[in-house]
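Structure first, then comments.
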There are 4 protein chains.
Amino acid sequence: MARGINKVILVGNLGNDPETKYTQGGMAVTKASLATTSVRKDREGNTQERTEWHRVTFFGKLGEIAGEYLRKGSQVYVEGSIRYDKYTGQDGVERYSTDIIADEMQMLGGRGEGGGGAGAGRGEFRGGSAGDRSERPARAPSRQEGSGQGHAPRREAPPAKANDFADDFADDDIPF
Amino acid sequence: MARGINKVILVGNLGNDPETKYTQGGMAVTKASLATTSVRKDREGNTQERTEWHRVTFFGKLGEIAGEYLRKGSQVYVEGSIRYDKYTGQDGVERYSTDIIADEMQMLGGRGEGGGGAGAGRGEFRGGSAGDRSERPARAPSRQEGSGQGHAPRREAPPAKANDFADDFADDDIPF
Amino acid sequence: MARGINKVILVGNLGNDPETKYTQGGMAVTKASLATTSVRKDREGNTQERTEWHRVTFFGKLGEIAGEYLRKGSQVYVEGSIRYDKYTGQDGVERYSTDIIADEMQMLGGRGEGGGGAGAGRGEFRGGSAGDRSERPARAPSRQEGSGQGHAPRREAPPAKANDFADDFADDDIPF
Amino acid sequence: MARGINKVILVGNLGNDPETKYTQGGMAVTKASLATTSVRKDREGNTQERTEWHRVTFFGKLGEIAGEYLRKGSQVYVEGSIRYDKYTGQDGVERYSTDIIADEMQMLGGRGEGGGGAGAGRGEFRGGSAGDRSERPARAPSRQEGSGQGHAPRREAPPAKANDFADDFADDDIPF
DNA sequence: TTTT
DNA sequence: TTTT
């Protein structure tokens with residue numbers, strides 16, 4: 001039924017530590033900025049460099065993995081789709097945003113401290129198993145789990161009430 | 001945990017009607033040949049054409065859709081991965097085969113008779129709905145359904161015993 | 001020297017006839033909107049549809065081909081990269097735009113009136129030959145050529161003075 | 001004029017040091033094996049791993065860069081197309097081979113000894129400049145250059161007579 | 001604004 | 001074996 005292909009493939013480095021929030025329904029939503037730099041020579045022979053900063057959003061299980069394993073500087077492969085949104089700012093001006101909705105992620109490098117092995121996909125043979133996914137409860141870690149945090153110290157505790165996030169994402173926004 | 005990306009994107013035309021078989025477990029496995037042609041001029045200025053024939057395999061729900069909607073000549077977008085296999089022929093000689101395992105398909109064109117609208121993905125927001133997928137029984141059409149065939153006359157009836165296919169594909173071969 | 005991959009693959013239909021302008025240096029710059037639609041079912045089982053409108057820009061030879069062969073409704077494959085720009089509107093408000101800079105295009109469908117065969121790449125074996133490209137003068141058709149227009153009636157004549165476009169694109173903006 | 005898209009995107013590690021040869025015309029042709037591994041759980045919950053070994057071929061300038069910078073174990077992004085060939089072995093048996101013809105390459109990792117920055121494309125904004133390419137003589141380094149080898153000790157000297165390679169590649173095989 |  |  002779908003009409004069209006909307007596919008993005010990025011390889012780059014994160015410009016910041018990812019930030020994870022949770023929807024009311026408990027779904028992780030992780031965002032990070034990813035830089036891709038291209039180089040060319042202009043007609044005078046000068047090297048020209050240009051960097052694009054992509055806003056990448058990871059939902060669900062992928063959001064949890066991204067929030068847990070990715071850090072500022074991480075080199076990462078991201079596959080996903082482009083999403084354009086329109087919103088009205090607090091100043092009443094209409095603005096537009098563009099996001100890359102990830103549906104596969106793979107950490108690159110691997111030998112370094114920040115690198116290393118973690119990779120995750122969605123509905124993909126490679127990158128996370130169906131077993132893993134089906135065992136996952138469809139909600140965020142409970143407050144008890146979250147407050148302990150011994151096992152995942154860098155993951156932000158899910159909000160006691162997730163609805164500070166509900167303006168941005170209904171659970172139906174899960175893009176799959 | 002996966003290491004690596006193995007991704008193929010093809011747009012081309014089928015050289016034959018797809019053939020669908022069913023595994024013992026009732027999973028559809030559809031195969032077709034897809035041509036992609038490239039053109040260049042050699043140094044003498046002559047146009048050189050070269051066609052690659054890709055063997056594409058569609059599993060499961062995607063195999064059913066491919067078998068039902070694709071025909072010889074269909075223009076199609078296929079996304080998947082490359083799989084190399086080694087086998088020993090009846091003459092005792094080792095041979096190699098290369099297959100494209102599709103995980104997304106979309107029919108192109110659309111205005112023609114053969115074209116038209118059908119698209120299907122796997123674990124994808126676009127291309128078939130999760131609802132569709134979850135409603136699907138995890139087995140091939142029963143013999144009764146198959147023999148009637150009123151609703152899908154071009155779909156090969158599943159074999160009375162699927163095990164003529166079992167040498168090729170165990171159900172665990174489902175690539176997802 | 002480049003760091004990163006920034007790759008976009010789109011298959012969709014144009015929402016408008018492409019518009020071609022020329023830079024001061026005579027390079028064609030063609031723009032069009034391309035729709036990709038995805039479908040999913042939400043938790044209530046209702047079908048949800050969402051369309052992204054991509055602003056696609058074709059430069060140089062590819063811009064000439066796109067301007068000549070593509071039309072509103074054309075189904076097309078586009079490969080390129082994402083480019084984010086920031087500008088200040090006439091109201092003094094900072095705004096952002098996102099463009100897909102095409103570096104390969106292929107018309108799909110083919111049987112219809114609007115479809116049909118034309119394909120073009122840049123630096124690609126498939127889709128346009130190196131010979132074609134090297135023979136091409138690095139400037140727009142001259143006014144004489146343009147005013148005749150017998151051979152390409154739908155191509156906008158290049159402006160007598162191209163510099164109405166110079167604010168948008170210097171010739172060094174050619175992304176290759 | 002081209003009909004079809006034949007695109008492959010790989011991220012993986014090399015299983016061997018690349019081997020570079022030169023055509024009669026002096027074009028570098030570098031080959032290496034690249035592994036991509038995927039993981040899934042079967043129905044019994046056991047982790048299943050499968051590795052595909054891709055034969056990747058780099059031509060021309062890209063072949064020189066690949067031969068110079070890539071090593072066994074290098075993690076690399078490769079973009080290219082699939083090419084199927086048929087040949088008759090010395091035993092008189094017809095065999096088939098599948099190669100990935102690279103048209104873009106980028107080294108990943110970067111911080112390690114083996115990693116590190118080098119990337120190269122063909123006809124791409126990112127990854128090597130048009131200036132670089134056009135300045136490059138369309139031949140291999142001369143024997144004098146090659147014999148010195150001080151700057152590139154791991155590059156195989158081009159053969160005194162390249163025609164030991166001519167059976168495999170005419171210069172017209174350059175895929176661009 | 002396209003398409004089905 | 002497709003397609004243009």
Side-chain angles (χ1 to χ4, degrees), chain A residues 1-6 84 86, chain B residues 10-19 31-40 47-56 65-66 69-78 100 106-120 126-129, chain C residues 10-19 31-40 47-56 65-66 69-78 100 106-120 126-129, chain D residues 1-6 84 86:
Chain A
M1 226 60 122
R3 292 302 283 166
I5 298 294
N6 171 0
Y84 308 99
K86 180 186 185 175
Chain B
L10 304 174
V11 175
N13 298 276
L14 297 195
N16 59 350
D17 282 356
E19 294 177 26
K31 293 171 175 292
S33 290
L34 189 154
T36 57
T37 300
S38 51
V39 184
R40 70 179 179 104
T47 294
Q48 301 273 16
E49 219 177 79
R50 185 183 160 95
T51 296
E52 306 301 333
W53 284 100
H54 309 268
R55 300 176 20 152
V56 183
I65 294 171
Y69 292 103
L70 298 183
R71 290 292 167 267
K72 181 176 179 174
S74 296
Q75 190 182 35
V76 67
Y77 169 95
V78 168
I100 307 303
Q106 200 150 129
M107 295 185 66
L108 303 174
R111 297 212 177 86
E113 62 322 329
R126 78 200 69 87
S129 72
Chain C
L10 303 174
V11 175
N13 298 278
L14 297 194
N16 60 349
D17 282 356
E19 295 176 24
K31 292 171 176 291
S33 289
L34 188 154
T36 58
T37 300
S38 51
V39 183
R40 69 178 179 107
T47 293
Q48 300 272 17
E49 218 176 81
R50 184 181 162 97
T51 296
E52 306 300 333
W53 284 101
H54 308 269
R55 301 176 19 152
V56 183
I65 294 172
Y69 291 103
L70 298 183
R71 290 293 167 266
K72 180 177 178 174
S74 296
Q75 190 182 34
V76 68
Y77 170 96
V78 168
I100 307 304
Q106 199 149 131
M107 296 185 65
L108 304 174
R111 296 212 178 85
E113 64 317 332
R126 76 201 71 86
S129 71
Chain D
M1 225 62 122
R3 292 303 283 165
I5 297 294
N6 171 0
Y84 307 100
K86 180 185 184 175

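The chains referred to below are lettered A, B, ... by the order of the sequence lines, with proteins before strands, and numbering in each begins at 1. Bear in mind that the values here come from a model prediction, so they are computed numbers and not experimental data.
Checking F:dT2, E:dT1, E:dT2 against the side-chain heavy atoms of B:T37 singles out F:dT2 as nearest. In the set F:dT2, E:dT2, F:dT1, the nucleotide with an atom closest to the side chain of C:K72 is E:dT2. Closest to the side chain of A:R3, from the set E:dT2, E:dT4, F:dT3, is E:dT4. Proximity note for B:T51 (side chain, C-beta onward) versus F:dT2, F:dT1, E:dT1: the nearest is F:dT2.
Note: CG (C:L108) to P (E:dT2) measures 19 Å, nearest angstrom. Protein atom CD of B:E52 is 18 Å distant from nucleotide atom P of F:dT3, rounded to whole Å. The distance between atom CE of B:M107 and atom P of F:dT3, rounded to the nearest whole Å, is 13 Å. As a whole-Å value, the separation of B:E19 CD from F:dT1 P is 15 Å. Rounded to whole Å, the distance from CD on B:Q106 to C1' on E:dT4 is 11 Å. Going from atom CD of B:Q75 over to atom P of F:dT2 covers 15 Å, rounded to whole Å. Across the protein-nucleic acid pair, B:N13 atom CG and F:dT2 atom C1' stand 5 Å apart, rounded to whole Å. Separating the CG atom of B:D17 from the C1' atom of F:dT3 is a distance of 15 Å, rounded to the nearest angstrom.
Residues C:M107 and C:S74 approach most closely at CE-OG, 4.5 Å, considering heavy atoms. B:W53 and D:Y84 make their closest contact through O-CE1, 3.4 Å (heavy atoms, listed as atom of the first residue, atom of the second, distance).
Residue ring and nucleobase are not stacked for C:W53 and E:dT2 under a centre distance beneath 5.5 angstrom and an angle between planes beneath 30°.
In this structure C:S33 satisfies the side chain to side chain donor-acceptor pair (under 3.5 Å) test with no other residue, sequence neighbours excluded.
The only option from C:N13, C:N16, C:V76, C:L70 that meets the side chain to side chain contact (heavy atoms under 4.5 Å, CB included) definition with C:L34 turns out to be C:V76.
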